[in-house]
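Structure record follows, encoded as structure tokens.
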Amino acid sequence: FEDTLPETIPQKKAFLLEHHIALWDVIESCEIIGSSDSAIRDVVPTDLRKVLQGAPIQRIYGNGNKAYQLYQKYHEAQTGILMTRLPSTSPANAAWSLERLIGAWSIIREREAHI
């Protein structure tokens, strides 16, 4: 995108709407101690039918390995849409620099430019 990066919550919402991007979590709730993905227990999956029935979703991208694993476990069979796994943007993913993350995530822009 050539846009200026949004900073405020209203700007971020406007950006997502303008570019037809939906954000959703694969789990509704869970037990977790701290912030480590490995500490996630007692997962209650999100009902993705709400968003999938309400919008013409064509592709699903996952932010990190845990999101990808949970999507495969709880959602892929019922949605019929494969998720593209992307590296986590969490600060805990210190192995990835911002430039490297931008490069990996640019696959979205490249794919969507062809629609």
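Everything numeric here is computed off the predicted structure, so don't read it as measured data.
H19 NE2 to R109 CZ: the interatomic distance, rounded to the nearest 0.5 Å, is 11.0 Å. Of the inter-residue distances, the one linking E18 atom CD with Q11 atom CD reads 12.0 Å to the nearest 0.5 angstrom. Atom-to-atom distance recorded for R59:CZ and I21:CD1 is 13.0 Å, nearest 0.5 angstrom. Remark: I32 CD1 to D42 CG distance equals 11.5 Å, nearest 0.5 Å. To the nearest 0.5 Å, the span separating CG on N65 from CG on D37 amounts to 8.5 Å. The CD1 atom of I57 lies 9.5 Å from the CG atom of L48; values are rounded to the nearest 0.5 Å.
Linking ILVMFWY side-chain heavy atoms closer than 4.5 Å, directly or via other members, places L82 and W24 in two distinct hydrophobic clusters. Both W105 and I107 belong to a single network of hydrophobic side chains, linked directly or stepwise wherever heavy atoms of I, L, V, M, F, W or Y lie under 4.5 Å apart. The hydrophobic clustering, which links ILVMFWY residues whose side-chain heavy atoms are closer than 4.5 Å, places L70 and V51 together. Y61 and V26 are members of different hydrophobic clusters when ILVMFWY side chains are connected at heavy-atom separations under 4.5 Å. Note on L5 and I102: separate hydrophobic clusters, where clusters join Ile, Leu, Val, Met, Phe, Trp and Tyr whose side-chain heavy atoms are under 4.5 Å apart, directly or indirectly.
Taking the salt bridge (Lys or Arg N to Asp or Glu O under 4.0 Å) definition, one finds that D47 meets it with R49, sequence neighbours left out. Under the salt bridge (Lys or Arg N to Asp or Glu O under 4.0 Å) criterion, R100 pairs with no residue at all, not counting sequence neighbours.
Atom CD1 of I33 is surrounded by 12 or fewer heavy atoms from other residues, nucleotides or ligands within 6.0 Å.
Closest non-hydrogen pair, E7 versus K12, comes out as O-CE, 3.4 Å.
Applying the ring-ring contact (aromatic ring centres under 6.0 Å, His included) test to pairs two or more places apart or on separate chains, those with a residue in residues 63-97 are Y71-H75.
S88 is listed as a side-chain neighbour of N63, based on a closest heavy-atom distance under 4.5 Å. Counting heavy atoms from C-beta on, the side chains of I108 and L86 come closer than 4.5 Å.
Between the side chain of D25 and the backbone N or O of T46, no donor-acceptor pair lies under 3.5 Å.
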